Structures are given as structure tokens and as C-alpha cells.
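Working notes for the structure below.
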Amino acid sequence: GKGRYKVESPQGKTNLVLDTGTVESHTCSSRSHEEPSTLEKWTVGWGFTSRCDLHCPFCYSVKARNSLKNHDVDLGSAEQFLSHNGRQIAAINFGTGECFLSRRFLRLLELCREHAPTAKIAVTTNGAFANLKGSAISQACSCSDECDVSLDFGSSDLHDNWRGKRGTWRRAIEAIELAVGHGLKTSIVMLGAAQTLNVENIQSLMRISESFQIAIRLNLYMPTFGD
């Protein structure tokens with residue numbers, strides 16, 4: 001399936017956007033003569049999948065996702081990108097869709113460890129991380145460094161209504177418990193919008209973060225206009 005890799009410099013400036021259909025043309029061949037220690041390190045924001053099991057009213061990609069036949073990036077293209085560029089990658093953050101809904105994702109995490117062994121790997125989840133069972137949990141945790149869990153309200157009813165599915169708040173809490181319990185660096189990711197940015201809600205989320213001794217990251221909601 002089609003996918004895009006956004007590659008950023010350490011200063012946050014986007015330098016490359018790689019499409020899986022043409023990934024072989026972005027192998028940084030002009031630097032092949034350089035020693036690994038002299039190569040510039042990159043942070044990769046990776047939208048591996050378009051899968052999602054929620055129904056958020058603010059979602060900017062629901063129409064595009066529903067029209068796709070293939071929801072995941074092709075693993076062959078992903079491995080090719082990693083094998084060519086792994087030593088130049090300092091960190092990878094998986095987001096956009098819900099990666100843990102893809103049966104291919106755990107294999108991709110293994111490929112990241114194989115080809116970019118020094119990269120810090122973070123995954124953003126709506127809580128589906130808590131759906132993993134048995135050896136899949138160990139596999140995900142051994143190949144990840146950080147788990148960032150989306151939680152927008154301290155109230156379960158408000159969060160479930162906001163995300164369009166009952167039980168979403170409870171699953172997010174279980175995902176936090178699972179990540180913390182397995183020693184992953186963990187944070188709450190809060191969507192900042194008019195509905196969430198009030199003192200009572202922020203204080204409620206802070207109480208949750210304090211109970212787990214984890215941080216809260218605030219992502220301000222920005223409307224898009226199809227560009």
C-alpha cells in the first residue's frame with residue numbers, strides 16, 4: 001500500500017518526504033562514502049497504517065482512509081527504506097493510524113530494531129496497545145522505547161463520547177498501565193481543542209498523569225482545508 005515517510009532534521013525542519021512507491025530513489029547515495037559517525041541523524045515520523053477503530057468527529061483523514069484498499073505500508077518497501085537509511089536514523093515515531101490494529105506492525109518494529117538498532121522508537125496509540133496478548137506484548141515492548149497514549153478527558157464518559165466508542169477511556173488507562181508496567185517511557189497525549197482546554201479537565205488529566213508519574217503532551221488541534 002501507499003505510505004509516506006516524513007524525515008526531519010534535529011531542528012524540526014522537514015527535509016525529505018518519502019513515498020513508498022518511490023522509496024528506492026531516496027537512498028542518500030551521495031553520502032555513501034562517509035563514515036557512519038559523520039552522517040547526520042534524522043527523526044522519522046511514520047504513518048505506517050490508516051487503520052483506526054474509533055469515530056472521532058474531528059478526524060481529518062476519515063474520507064481518505066475509507067477509500068483505501070490497502071491500509072498498511074508494504075513491508076518490503078519499509079524494509080528497503082530501513083536497510084538503506086537505518087544508520088542515519090536517530091528516532092522513529094509511529095502515529096497517524098492505529099498501528100497496533102495491523103498484524104504487520106510487530107514485524108515492522110523488529111525490522112526497525114534490526115536495521116536501525118540505535119534509534120529510539122516511539123508509538124502513539126489510542127489505547128489499542130492494551131489489546132495485545134501474551135508474547136505479542138513482550139515483542140512490542142522489546143522493540144519499543146516509548147508509548148504515548150491518546151487521552152483527551154479525565155472523564156470516561158466525555159472521552160468515550162469524544163472518541164465515538166464506549167470503553168475507549170478504560171482501554172487508554174489499561175494501555176498506560178501496561179506500558180508503565182513493562183518499563184516503557186510513557187506519556188499522555190492530549191488533543192487541545194475548545195472542548196478539552198478547560199481548567200477542570202486539565203486538572204483531571206494531571207491527576208491521572210501524577211498517579212502514574214508520567215508526562216502529558218499537548219497537541220493543539222489545527223483545522224485543515226484539504227491541503
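The basis for the numbers below is simple: all heavy atoms, side chains too, and nothing from hydrogens, waters or symmetry mates. Keep in mind the model is a prediction, meaning the values are calculated, not measured.
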Could you report the tightest heavy-atom contact between [X] and [Y], atom names first, then the distance?
| X | Y | value |
| --- | --- | --- |
| Gly154 | Leu205 | N-CD2, 3.7 Å |
| Ala172 | Val149 | O-CG1, 3.6 Å |
| Ala119 | Ala91 | CB-N, 4.2 Å |
| Leu101 | Ala128 | CD2-CB, 4.1 Å |

Within residues 171-205 or reaching into it, pairs that qualify as ring pair (Phe, Tyr, Trp, His ring centres under 6.0 Å) - sequence neighbours excluded: none
If a pair satisfies ring pair (Phe, Tyr, Trp, His ring centres under 6.0 Å) and one of its residues is in residues 195-214, list it, with sequence neighbours excluded. none
So do [Y] and [X] actually touch side chain to side chain, heavy atoms under 4.5 Å?
| X | Y | value |
| --- | --- | --- |
| Leu109 | Ser144 | yes |
| Leu197 | Ile202 | yes |
| Val189 | Leu151 | no |
| Leu82 | Cys112 | yes |
| Ile137 | Cys141 | yes |
| Met190 | Thr196 | yes |
| Ser150 | Thr124 | yes |
| Leu54 | Thr168 | yes |

Can [Y] be reached from [X] by stepping across I, L, V, M, F, W or Y side chains whose heavy atoms are under 4.5 Å apart?
| X | Y | value |
| --- | --- | --- |
| Leu220 | Val199 | no |
| Ile216 | Leu218 | yes |
| Leu184 | Ile214 | no |
| Ile173 | Phe153 | no |

For [X] and [Y], indicate whether the former's side chain and the latter's backbone hold a donor-acceptor pair under 3.5 Å.
| X | Y | answer |
| --- | --- | --- |
| Asn85 | Gln88 | no |
| Asn131 | Lys133 | no |
| Lys165 | Cys56 | no |

Say you draw a straight line from [atom1] of [X] to [atom2] of [Y]; how long is it, rounded to the nearest 0.5 Å?
| X | Y | atom1 | atom2 | result |
| --- | --- | --- | --- | --- |
| His71 | Cys52 | NE2 | SG | 11.0 Å |
| Leu191 | Tyr221 | CG | OH | 8.0 Å |
| Asn201 | Leu158 | CG | CG | 7.0 Å |

Residue pairs passing the salt bridge (Lys or Arg N to Asp or Glu O under 4.0 Å) test where at least one lies in residues 171-181, sequence neighbours excluded: Asp53-Arg171
Salt bridge (Lys or Arg N to Asp or Glu O under 4.0 Å) pairs touching residues 197-218, sequence neighbours excluded, are Asp148-Arg217
Once the angle between the rings of Phe58 and Trp162 is folded into 0 to 90°, is it parallel (under 30°), tilted (30 to 60°) or perpendicular (over 60°)? tilted
Below 30° counts as parallel, above 60° as perpendicular, anything between as tilted: where do the rings of Phe94 and Phe105 land? perpendicular
Charged N to carboxylate O below 4.0 Å: is that the case for Asp152 and Arg163? yes
Check step by step if side chain to side chain contact (heavy atoms under 4.5 Å, CB included) holds for Ile208 and Ile188. CA-CA 9 Å; Ile208 294 173; Ile188 291 172; 3.9 Å; yes
Side chain to side chain donor-acceptor pair (under 3.5 Å) pairs touching residues 101-117, sequence neighbours excluded, are Asp72-Ser102, Asp72-Arg104, Glu79-His115, Arg107-Glu110, Glu110-Gln139, Arg113-Asp145
Could you please spell out the steps behind the side chain to side chain contact (heavy atoms under 4.5 Å, CB included) verdict for Leu108 and Phe48? CA-CA 9 Å; Leu108 178 58; Phe48 169 71; 3.2 Å; yes
Would you sort out whether Trp46 and Ile121 count as a side chain to side chain contact (heavy atoms under 4.5 Å, CB included), showing the intermediate values? CA-CA 11 Å; Trp46 200 333; Ile121 300 175; over 6 Å; no
Sorted by chain and number, sequence neighbours left out, ring pair (Phe, Tyr, Trp, His ring centres under 6.0 Å) with Phe129 holds for Phe100
Indicate whether the side chain of Glu98 and that of Thr125 have a donor and an acceptor atom separated by less than 3.5 Å. yes
Between Val123 and Cys147, does the side chain to side chain contact (heavy atoms under 4.5 Å, CB included) criterion hold? Intermediate values first, please. CA-CA 5 Å; Val123 184; Cys147 184; 5.7 Å; no
